[in-house]
Amino acid sequence: MTRTALFAAGDGDFAEYEAPLHAAFARAGLDVAVVTEAAPDTVDYIIYAPANPLQDFTPFTRCRAVLSLWAGVERIVGNPTLTQPLARMVDPSLTQGMVEYVTGHVLRYHLGLDRPATAWDPVVPPLAQDRRVGFLGLGELGRACAQALAGLGFQVAGWSRSARDVAGIAYHHGAEGLRDVLRSSDILVTLLPDTPATANILNADTLAQLPRGARIVNPGRGTLIEDAALLAALDSGQIAAATLDVFRTEPLPADHPYWVHPRVTVTPHIAAATRPDTASEVIAQNIARVEAGLPLLHEVSRGAGY
Ligand code: NAP
């Protein structure tokens, strides 16, 4: 029986996704018609990104799952009309993109490439084994980045909500664990989701717990950082530099102080994009699982908000 998947994402996204989705469904042996318009009560699955005007999921009475094209689900998880199961995107190419972004920016700070020499004054950087990198968030993305940096020899520690055990990474959780990771991070990477519990996790108090002169790389979400506190910490020298990919308001307003701060690097939310080829495979895999009566992969916990 043909299933109907409503593609409800950003303008222009369908042109990029149509062929990869058809190819992935064919490989998975699925008979799925992908449409951009349909009577709600005929829709079996919704492939979704919040850039779409669809906000009321109530009429989609037959829909068996909403499959997000985005890893971050803060703009949909709290939608009271969404009663269908929600899966977030975990895409191997997105993960690879994040590993490359984080590794590149950590190495830039580690090697001092953000401060090109203006005089012949050789400052030899320490080896990776003498540099401590901390991660707030050790999920799909944080874990992959932490493992890549541990593989280069860095001392890597991380903090997550639950206790875990991964070779080569010192895991911490809880309030004491957060203090331990902050205290021992020469470079801090934030890869937490945007939830009420993570809002402003980097504030005047937590920034002061980092070693003086620490550097920050934030490809997680803009809400993780209290902007005024970060700017004050940069100006006082407590934080030496920050690379920021995500912001409370996007696009970052033209008059925002981050644009002109000499020790802030702004990147325009490009750390890791969902790639249609690999993401379509993930969508097909999840639809095949639902059809087979198996639980969704990467299902979002409404209670936890991610
Ligand atoms: P994930 O697999 O859900 O991992 C989230 C991590 O954060 C987990 O380790 C989780 O702990 C931890 N966490 C959540 N709430 C916490 C809390 N209150 N206290 C301590 N730890 C907490 O997510 P992901 O796939 O790694 O993605 C992380 C975020 O990256 C996304 O939510 C999105 O905001 C961002 N992102 C950005 C881009 C970009 O281009 N800039 C692209 C994709 C994603 P547990 O392990 O205990 O659950």
Side-chain angles (χ1 to χ4, degrees), residues 1-28 30-95 97 140 193-195 221 246 249-251 268-270 272-292 294-302 304-306:
M1 182 185 166
T2 304
R3 300 295 187 193
T4 300
L6 177 67
F7 188 91
D11 286 345
D13 286 349
F14 190 58
E16 280 186 63
Y17 274 92
E18 189 177 11
L21 281 170
H22 280 303
F25 292 146
R27 275 192 294 276
L30 292 167
D31 180 8
V32 180
V34 189
V35 297
T36 53
E37 283 178 20
D41 61 356
T42 64
V43 170
D44 299 293
Y45 298 95
I46 300 176
I47 301 167
Y48 187 75
N52 193 270
L54 169 54
Q55 297 297 327
D56 182 5
F57 293 86
T58 317
F60 293 90
T61 48
R62 198 167 103 178
C63 175
R64 301 177 74 185
V66 175
L67 307 163
S68 171
L69 291 176
W70 291 13
V73 289
E74 67 277 2
R75 285 171 61 185
I76 181 177
V77 68
N79 185 325
T81 69
L82 181 75
T83 52
Q84 301 85 348
L86 170 67
R88 61 191 203 87
M89 180 50 67
V90 175
D91 159 21
S93 300
L94 184 152
T95 303
E140 294 291 336
D194 173 4
T195 71
R221 279 294 181 261
V246 281
T249 305
E250 295 184 4
H269 203 144
I270 45 79
T274 305
R275 314 280 165 157
D277 282 344
T278 42
S280 296
E281 293 294 336
V282 177
I283 301 273
Q285 197 185 359
N286 244 343
I287 290 181
R289 288 178 69 88
V290 176
E291 293 294 322
L294 296 169
L296 276 177
L297 295 174
H298 320 304
E299 185 166 355
V300 172
S301 154
R302 304 299 167 89
Y306 68 99

About how many Å separate [atom2] of [Y] and [atom1] of [X], when rounded to the nearest 0.5 Å?
X      : Y      : atom1 : atom2 : result
Glu16  : Leu69  : CD    : CG    : 10.5 Å
Asn79  : Leu54  : CG    : CG    : 8.5 Å
Met89  : Asn286 : CE    : CG    : 8.5 Å
Glu140 : Arg88  : CD    : CZ    : 6.0 Å
Leu21  : Leu30  : CG    : CG    : 11.0 Å
Gln285 : Arg27  : CD    : CZ    : 12.0 Å

So, does Ser93 use its side chain to make a donor-acceptor pair with the main chain of Ala279 at under 3.5 Å?
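Side chain of Ser93 to backbone of Ala279: no pair is present.
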Under 4.5 Å between any side-chain heavy atoms of [X] and [Y], yes or no?
X      : Y      : value
Val246 : His269 : yes
His22  : Val34  : yes
Val66  : Phe60  : no
Leu6   : Val35  : yes
Thr195 : Glu74  : no
Pro295 : Arg289 : yes
Pro276 : Asp13  : no
Ile287 : Phe25  : yes

Shortest non-hydrogen contact from [X] to [Y]?
X      : Y      : result
Asp41  : Arg62  : O-CD, 3.7 Å
Ala28  : Ala284 : CB-CB, 4.2 Å
Glu299 : Pro85  : OE2-CB, 3.6 Å
Gln84  : Phe57  : NE2-O, 3.3 Å
Val73  : Gly305 : CG2-O, 4.3 Å
Val77  : Ser301 : CG2-O, 4.4 Å

Please determine whether the number of non-hydrogen atoms from other residues, nucleotides or ligands lying under 6.0 Å from atom CG of Asp11 exceeds 12.
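Not more than 12 within 6.0 Å, no.
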For the side chain to side chain contact (heavy atoms under 4.5 Å, CB included) test, which of Leu297, Ile46, Leu296 pairs with Leu67?
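The option that passes is Leu296.
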Looking only at the side chains, is there a donor atom on one of Asp91 and Thr278 sitting less than 3.5 Å from an acceptor on the other?
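Per modelled atom types, Asp91 and Thr278 side chains form a pair under 3.5 Å.
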Does the plane of the ring in Phe14 sit parallel, tilted or perpendicular to the ring in Phe7? Use 30° and 60° as the thresholds.
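It falls in the tilted class, 30° to 60°.
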